[in-house]
Amino acid sequence: MKNKTTYILLSILLITLFLASCNMDASSGIFRQLADSKEPLSIRYQQLLGFNTAVDRLYFRTETGIYRVDSTRNSETMVTSKKDSIIQAASYVAADKIIFYLTNNQADAEENKIRTFLTTTPGTITTVTPTSTFITSNLSILNLYANSTVMISGTDGSSNKLFELIKYYTGSFGTSVAQFDSTLVPAGYDFAGVIQQTTKEQEAVSTNPVLVSFVESPESGTGNFKHYLVTTEGALPTLIGSNSIRIASFFYHDGTTIYVLTTDGKLYHVTTAGVWTLMQTSSLTYDTNAFAYPVDDGTNYHLVTKPLDKTAPLHVFSFAYGETTNATPTNVSTGYAKDLSLATIVSAQEIVANHLLVATYLNGMYEITIVPSTAGSNDGSGTTTAAEKYTF
Amino acid sequence: MKKILLLCLIALLLPLSLFSASFYDTGSQQFSFRIGTNVPTFLYFFDSQEFKVGPGEGNTGMKMGGYGSISYQVFNSPKTSIGGEIGYNFNFSAENEFFSAVPFFAKYSYFPVQGTFDLPISVGLGGAYIKYKTGSLMALYTNLEISAIWYPGKNWGFGISTGMWLIPELNYREELQSDNALGGFIPITLSVTYRQ
């Protein structure tokens with residue numbers, strides 16, 4: 001009996017030890033995720049709109065509306081979302097103290113109306129309607145961007161689809177930034193999105209270019225993309241790629257080089273001549289316009305990214321200046337990344353280089369400082385404030 | 001303080017054990033249902049040597065949870081029994097995500113006091129399937145528990161138990177091994193036991 005009991009217990013122990021070697025499908029340990037979990041905050045950020053540096057105010061959009069906060073974190077409501085007018089996108093033009101925003105309001109959509117108000121009189125809301133000399137038929141608004149542009153679509157006389165990025169900014173309303181006719185966007189393709197560089201969303205394309213992607217309908221074609229680089233207002237956009245790659249984010253290095261992060265976790269070196277060279281592959285996935293902030297340490301770049309998986313730590317691609325074929329990946333979950341590793345980053349605002357405000361969907365806003373030389377090391381360097389304890 | 005409590009416990013149980021008559025015979029059986037709560041007590045991360053104590057954000061990150069189980073034991077001597085238990089444990093994390101553990105383990109119990117009142121001390125060893133968000137792991141599991149069971153009649157008893165569970169998270173993937181940790185939970189459960 002004694003032997004039998006011993007055998008049973010030993011067998012259970014051995015089976016358990018075998019099972020204990022089973023793998024898990026996560027990017028950090030279960031107990032680590034639990035220990036780092038944070039209570040959701042009531043504030044759910046969607047977009048940081050920018051600073052009014054003259055009076056130290058930050059404007060931002062949340063699930064419930066548009067607000068501003070001063071440097072002591074006293075907040076003030078600018079406009080709230082309503083059931084039939086939920087704010088979808090917004091832009092703040094600091095120079096003119098004006099906010100533009102799009103809602104899901106049916107009448108607004110049918111009449112192509114963008115709502116706007118001066119931040120000095122937030123209760124007085126008016127509307128503006130974009131016009132274009134390039135698109136004169138079936139004009140409709142596709143989206144509004146923080147760099148004072150709006151993407152519109154329509155048709156030409158032959159019913160070909162046309163797309164145009166225009167300014168809606170006061171004083172230059174309707175000025176064309178980029179036009180996409182049927183030569184650039186062949187039949188079967190449709191608008192996929194505008195990709196902006198992290199923390200550069202409010203800057204003009206001449207300062208910080210954007211990528212505009214169009215996708216071929218899988219029903220009528222291969223589902224391939226056409227990616228255009230827009231660097232100069234009014235100039236012909238540059239085709240940098242016709243491929244099946246969906247771009248998540250990018251870092252515009254100079255006039256000829258772009259580092260492109262894809263939604264399936266790959267990093268490419270891309271030239272404006274359209275040569276794509278794979279630098280690094282990962283098993284991570286990214287959302288469109290994912291957080292991808294480049295840190296320059298003097299000899300290397302560290303592209304600090306946040307994967308789509310909420311449980312994934314920050315993933316940093318490090319590569320030397322001029323490197324085209326290789327990048328070193330590192331998961332960073334300590335130091336500046338401590339509280340961001342288990343959060344969904346929705347927007348970021350640069351206070352100065354490597355010193356950011358980072359807004360998350362459920363966990364509030366953090367102020368982080370990255371040490372350039374150790375940005376790609378999980379060594380605890382850099383700092384982060386607690387949620388909602390930021391200053392600027 | 002812990003040592004004093006342990007000594008008091010031994011001082012109480014030893015004489016009872018030595019002089020109490022055996023109620024059970026070899027071959028006697030017990031079948032129990034347990035239900036109760038568990039207190040996430042500590043997490044110890046081996047690599048960083050972090051020791052996080054207590055429920056809630058900034059500590060173990062877990063809130064008080066629940067536990068239910070069934071167990072079966074057969075006496076291999078008048079004072080000891082062997083058997084097994086399978087249970088289901090859950091806790092919500094600070095961010096209100098669901099953590100679950102399914103412990104299944106062999107159980108060895110010593111009954112120093114038995115009869116109208118049973119005071120079994122049990123040791124368990126087995127595994128626990130733990131899951132949180134997209135992550136899951138088959139982990140080792142061990143526990144030490146003490147129970148007090150009152151039998152108003154011959155067969156049915158009602159009891160209360162507490163103790164300590166230990167779940168080591170030993171990750172196989174190299175990139176996760178820096179998160180290897182030991183989790184400790186204190187269960188507080190009520191039980192219904194049928195014996196024969």
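Computation of the quantities below employed the complete heavy-atom set of this structure, encompassing side-chain atoms and omitting hydrogens, waters and symmetry-equivalent molecules. A note on names: the letters A, B, ... follow the listed sequences, proteins ahead of strands, and every chain is numbered from 1.
Heavy atoms closer than 4.5 Å to chain A are found in the side chain of B/L43, but not in its backbone. The contact between B/E50 and chain A is made entirely by side chain atoms (from C-beta outward), counting heavy-atom distances below 4.5 Å. Contact of B/S93 with chain A is made through backbone and side chain together, with heavy-atom distances under 4.5 Å.
Side-chain contact between B/F99 and A/F31: present, with at least one pair of heavy atoms (C-beta onward) separated by less than 4.5 Å.
The environment of CD1 in B/I35 is sparse: at most 12 heavy-atom neighbours from other residues, nucleotides or ligands sit within 6.0 Å.
Here the CD1 atom belonging to A/I30 is positioned 7.5 Å from the CG atom belonging to B/N171, to the nearest 0.5 angstrom. Rounded to the nearest 0.5 angstrom, B/D179 CG and A/D36 CG are separated by 8.0 Å. Distance check: A/K38 NZ to B/E95 CD gives 9.5 Å after rounding to the nearest 0.5 Å.
Applying a 4.5 Å heavy-atom cutoff, the residues of residues 61-69 of chain B that approach chain A are B/G61, B/M62.
Applying the side chain to side chain contact (heavy atoms under 4.5 Å, CB included) test to A/T391 and every residue at least two apart in sequence or in another chain returns A/R73, A/E367.
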Query - Steps toward side-chain contact (heavy atoms from CB on, under 4.5 Å) verdict (A/S37, B/F92) - result: CA-CA 10 Å; A/S37 71; B/F92 282 96; over 6 Å; no
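What you find for B/S48 and A/R32 is that their closest heavy atoms are OG-NH2, 3.6 Å.
Put simply, the side chain of A/E39 never gets that close to the backbone of B/E57: no donor and acceptor are under 3.5 Å apart.
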